[in-house]
> 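Starting off with a structure, shown below.
Small disclaimer: the values here were computed from a predicted structure and weren't measured. We count ligands from 1, going down the list as the structure has it; atoms in each ligand are counted the same way.
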Amino acid sequence: MSSRVVVVGSANADLVVRVDRHPSPGETVLGSDLATFPGGKGGNQSVAAGRLGADVAFVGLVGTDAHGDFLLESMRGAGVDTGHVGRVPTATGVAVITVGADGDNTIVVSPGANAELGEDEVAAAAPLLRDAAVTSMQLEIPMPAVLAAARVARRVVLNLSPARDVPKELLELCDPLVVNEHEAAFLLGEAAAGSPVDSAKALLDRGPASVVVTLGAEGAVVAEPGTVTAVPSPRVSPVDTTGAGDAFTGALAARLADGASLTAAAAYAARVGAAAVTKEGAQSSFPRPEDVPPAG
Ligand code: RIB
C-alpha cells in the first residue's frame, strides 16, 4: 500500500454552462444546457490522487442535500476514504462555472458547508493527519482550519487557490507551496517581476521549504534551496481546463507520499494536469495511471 495522502478542503457541485465567449459585466449571453459535475478544489485533489492509486482520505464538510450525496459518491468511486467527511444541515458548496470555446473558465463559488469547516473537525482528524505522509490543502475553507491542519501535518502541500493572504506561519510550513502565475503575482505584490523562475525564487524567500509555480501548457518551475528546475507539459488540445490545477496538486501529493523527489513528482503532475484538460468537468476528467500521457 502506498503512503497515505490526506486532503483537507472544499467540496462543491460544479454547475457548468459552456459559452462561445464569456459575458462582460452587464451582458447576457446564451450558453449550453446546464451540466452538473463533482468538484471543489479539495474534493478534486482527493479524487485526482485516488484515481492514480494513492491511499487517500478527505477531510471536509458537505450538506445533507443531494449535492452532498453526489460528491461523496464521486470521491468513493475514486477510492477516497470519506470517513472524515461531515454532513451539516446546510447547502453543499456550489460553483457556478462558464467554460469558453478554448476550454478556459470563470468560476464563482458559494461555499455553503465548506464555510463551516473549523478547528474542531481538524482536531477530530488529527491522528489521520499525523500519520499521513502528505497533507494537501487549498484555500476554499476557513483559514483557521487550514492552519490547524498544517500545524499537525508531517508534510504540507498547499495550493494557494483561490489566492488570499496567508499567515507567514502557514507559508513556512509549506513543502511545497503550489501557485500559478496569478497566485504568485498576488503573493509577491509589488515584488512580482520577471520570469516564473524569478517568481519561484522570490517566493522561496518568503519562507516555504519549496515552491512549485505551475504554467499550464508550459509545465511548471520547481524551486528548492539552491536549485530551480523547469518541468515540461505534454501538448494537448484543451476542452475544459476546470480542475487542472487540482489534478496537478493531487498527483503531486500522491507522488510525494510515495517518496518521489519534488522535481519528479512535479513532472508527473504536469502530465496528469495535461490529461485533465482534454475532457469535460473536473473530477470527471482526471486520469487513471494508464491514461496519463507520456512526457512531452
Ligand atoms: O479548481 C476548480 C474547482 O474550483 C471547481 O471544481 C470548483 O468547484 C472550484 O472549487
> Assess whether a salt bridge exists between Glu121 and Arg87, defined as any Lys/Arg side-chain N lying under 4.0 Å from an Asp/Glu carboxylate O.
no
> Give the atoms of ligand 1, by number and element, whose distance to some non-hydrogen atom of Gly39 is under 4.0 Å.
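What qualifies from ligand 1 is 6 (O), 8 (O).
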> So is Gly243 close enough to ligand 1, meaning a heavy atom under 4.0 angstrom away?
yes
> Which protein heavy atom lies closest to atom 10 (O) of ligand 1, and at what distance to 0.1 Å?
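Of every protein heavy atom, Glu140 OE2, 2.6 Å lies nearest to atom 10 (O) of ligand 1.
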> Heavy atom to atom 2 (C) of ligand 1, shortest distance: which of Val108, Asp246, Asn105 holds it?
Asp246
> Compare all side-chain heavy atoms of Leu262 with those of Leu256 and state whether any distance is below 4.5 angstrom.
yes
> In the protein, which heavy atom is nearest to atom 4 (O) of ligand 1, and how far is it?
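Nearest neighbour among protein heavy atoms for atom 4 (O) of ligand 1, to 0.1 Å: Lys41 NZ, 3.0 Å.
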> Going by the atom numbers of ligand 1, which of them fall below 4.0 Å from some non-hydrogen atom of Ala95?
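The list of qualifying atoms is 7 (C), 8 (O).
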> Check contact between Gly40 and ligand 1, using heavy atoms of the residue and a distance below 4.0 angstrom.
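A heavy atom of Gly40 does come that close to ligand 1.
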> Between Glu27 and Arg21, is there a side-chain N and carboxylate O pair less than 4.0 Å apart?
yes
> Charged N to carboxylate O under 4.0 angstrom, Arg4 versus Asp81?
yes
> Going through the checks in order, is the salt bridge (Lys or Arg N to Asp or Glu O under 4.0 Å) test met by Glu224 and Lys201?
CA-CA 8 Å; Glu224 296 174 280; Lys201 286 179 179 167; over 6 Å; no
> Within the 4.0 Å heavy-atom shell around Asp14, which atoms of ligand 1 are there?
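Result: 5 (C), 6 (O), 7 (C), 8 (O).
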> Using 4.0 Å as the upper bound for N to carboxylate O, is an ion pair formed by Arg151 and Glu169?
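The answer is yes: the pair qualifies as a salt bridge.
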